[in-house]
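Here's the structure, in structure tokens; my notes come after.
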Amino acid sequence: MISGPDHPFCLARLFGHSSALAEAGLPLEPGPVVKTQLTREHGYTAARELLSRSDRPTAVFTANDMQALGVYQAARELGLRIPHDLSVEGFDDVPAVAWMDPAPDHGPSAVGRDGGSCHRADPGARPG
């Protein structure tokens, strides 16, 4: 996850992320959460850090859509395809998400049904 500052809504999204992992029986390790500002630039920098790891995540949940835009940029530069190689989830449905390629899924199958946007990775795709 790429989280934001200690604002109540960022903390709530971090809690939701942690709760979803726990409910799925997955561990939440301190390493996969990067705390940063709520901008495209900071999302990009955090995504470069996460996506360059040897244990690269196959999904990135962000605290807002601007960070998600940065994740898209970093993924593209690293040769990762969304949604084939990487799932990306953001929040807020800001107008800029219309420029994301591929466009975010806001339908009933989207993880972010309550105002989020997401692209799910192809479950058959292998990392790297």
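Residue numbers start at 1 and run along the sequence shown.
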Other members of the hydrophobic cluster containing L38, with the 4.5 Å side-chain heavy-atom rule, please.
F9

So how far is it from [X] [atom1] to [Y] [atom2], rounded to the nearest 0.5 Å?
{"X": "N64", "Y": "R40", "atom1": "CG", "atom2": "CZ", "answer": "12.5 Å"}
{"X": "Y44", "Y": "M66", "atom1": "OH", "atom2": "CE", "answer": "15.5 Å"}
{"X": "T45", "Y": "L50", "atom1": "OG1", "atom2": "CG", "answer": "11.0 Å"}
{"X": "I2", "Y": "E49", "atom1": "CD1", "atom2": "CD", "answer": "9.0 Å"}
{"X": "M1", "Y": "L14", "atom1": "CE", "atom2": "CG", "answer": "5.0 Å"}
{"X": "L69", "Y": "E41", "atom1": "CG", "atom2": "CD", "answer": "10.0 Å"}

Sequence neighbours left out, what passes ring-ring contact (aromatic ring centres under 6.0 Å, His included) with H42? Give chain and number order.
none

Are the side chains of T36 and Q67 in touch, meaning some heavy atoms are under 4.5 Å apart?
yes

In this structure, would F91 and L11 fall into the same cluster of hydrophobic residues linked by side-chain contacts under 4.5 Å?
no

Backbone N/O of V34 and side chain of S3: donor-acceptor pair under 3.5 Å:
no

Stepwise side-chain contact (heavy atoms from CB on, under 4.5 Å) test for D85 and T58:
CA-CA 7 Å; D85 303 318; T58 58; over 6 Å; no

Pairwise side-chain hydrogen bond (donor to acceptor under 3.5 Å, both in side chains) hits with a residue in residues 7-25, at least two apart:
R13-D92

Using side-chain contact (heavy atoms from CB on, under 4.5 Å), reason through Y72 and I82 one step at a time and then give a plain yes or no.
CA-CA 8 Å; Y72 269 61; I82 300 168; 3.8 Å; yes

